[in-house]
Amino acid sequence: MHTCSSSAAPSLATDESTANASVFLQDVLTGLSKTRKELHCKYFYDERGSRLFDQICELDEYYPTRTELGIMAEHAGAIAERIGSEAVLVEYGSGSSTKTRLLLDHLDSAHAYLPVDISGDHLQQTAQLLRADYDDLEIQPIVADFTTPFELPDAYVSLPTTIYFPGSTIGNLKSDEAIGLLVSIVDQCGPDGGLLIGFDLAKDAAVLQAAYDDAAGVTAEFNLNLLHRINRELDADFDVQRFAHVATYNQDESRIEIFIESLDEQEVCVGRQQFHFEQGERIFTEYSHKYRVDQFVSMADQAGLKMDALWTDSNEYFAVMHLFPV
Ligand code: TRP
């Protein structure tokens, strides 16, 4: 009989990192206790996970990042024109702001750029680099999790605001969450503002399959890093070699579904709690929805947004859309 003994004493959170660790632990325990086990995709991005994701973006099979960049590079002028002058640009999940630079280079007298990200350090660094290159632009980083409503600084609330939401991150949300986020975007951009959003398009299943299960196994490593991270940070004993990365295309729901599958029957400890895995049992980690343009338009419509303009690549793999509140 396998039992779990924990070296980590239960402790009260005394500082931010301890508080974050206990939220992480709670989320993992809750997720693994569900009938269908799950782990939240926001935990993919520790230092190693972020590095692996950068590697995914360089893979031949992983088309989204380079396709979206290509669209932005080719159409930046036209996109900037739809946004208009004196814009306040708010970017959700800004990271390194690579795509935004293409936009800022074409925006006529933008009023301000407000990158929003959960990673405060990364955000400050990016802001410094941007300030050096765009002297006339006000840059005001906001540390926030954009999946829950947050306030813009007072100075900007009454100005027409364009929300920029690239990367098809919307596709990682469940559809009710996606509509909820679009509703709060409408609220935040105001009647004279708009939304510029990048989303991945429905396409041949084999292309999708390869993008989420590459030959070199980088994506598998990225997904399984979640178990390594739990071992490292939460006093757990996942034997990662006995788990596998699974990515399947669900045609009916038009989405890639990502799981971690147990290769045999096993017990795992997280802290002092023990979890049983059947052979073949899966932990759900992420959806990645792929939209047809008309599907996306009808989802936006439910949130009170109307398409203004659309740009795609020659393969029609990815789309960038500008929308206005109705
Ligand atoms: N947001 C990315 C996407 O949906 C994340 C991603 C790419 C991903 N490859 C992955 C998530 C593999 C989990 C596993 O395209």
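All values reported here derive from a predicted model rather than from experimental measurement. Atoms within each ligand, like the ligands themselves, are counted from 1 in listed order.
Between Tyr92 and Phe146, the ring-plane angle classifies as parallel under the 30° and 60° cut-offs.
Taking the charged nitrogens against the carboxylate oxygens, Arg66 and Glu68 have no contact shorter than 4.0 Å, which rules out a salt bridge.
Remark: Lys37 qualifies as a cation-pi partner of Phe277 under the 6.0 Å distance and 45° angle criteria applied to the six-membered ring. In this structure, Arg36 satisfies the cation-pi test against Phe284, with its NZ or CZ atom closer than 6.0 Å to the six-membered ring centre and inside 45 degrees of the ring normal.
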Ligand 1 N/O to protein N/O, distances under 3.5 Å:
| unit_1 | atom_1 | unit_2 | atom_2 | d |
| --- | --- | --- | --- | --- |
| ligand 1 | 1 (N) | Asn172 | OD1 | 2.8 |
| ligand 1 | 4 (O) | Asn172 | ND2 | 3.0 |
| ligand 1 | 4 (O) | Tyr212 | OH | 3.3 |
| ligand 1 | 4 (O) | Ser288 | OG | 2.6 |
| ligand 1 | 15 (O) | Tyr62 | OH | 2.5 |
| ligand 1 | 15 (O) | Tyr212 | OH | 2.5 |

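Residue pairs meeting the ring pair (Phe, Tyr, Trp, His ring centres under 6.0 Å) criterion with at least one partner in residues 169-204, sequence neighbours excluded, are Phe199-Tyr291, Phe199-Phe296.
Inspection of the Glu91 and Thr100 side chains reveals an N or O donor paired with an N or O acceptor under 3.5 Å.
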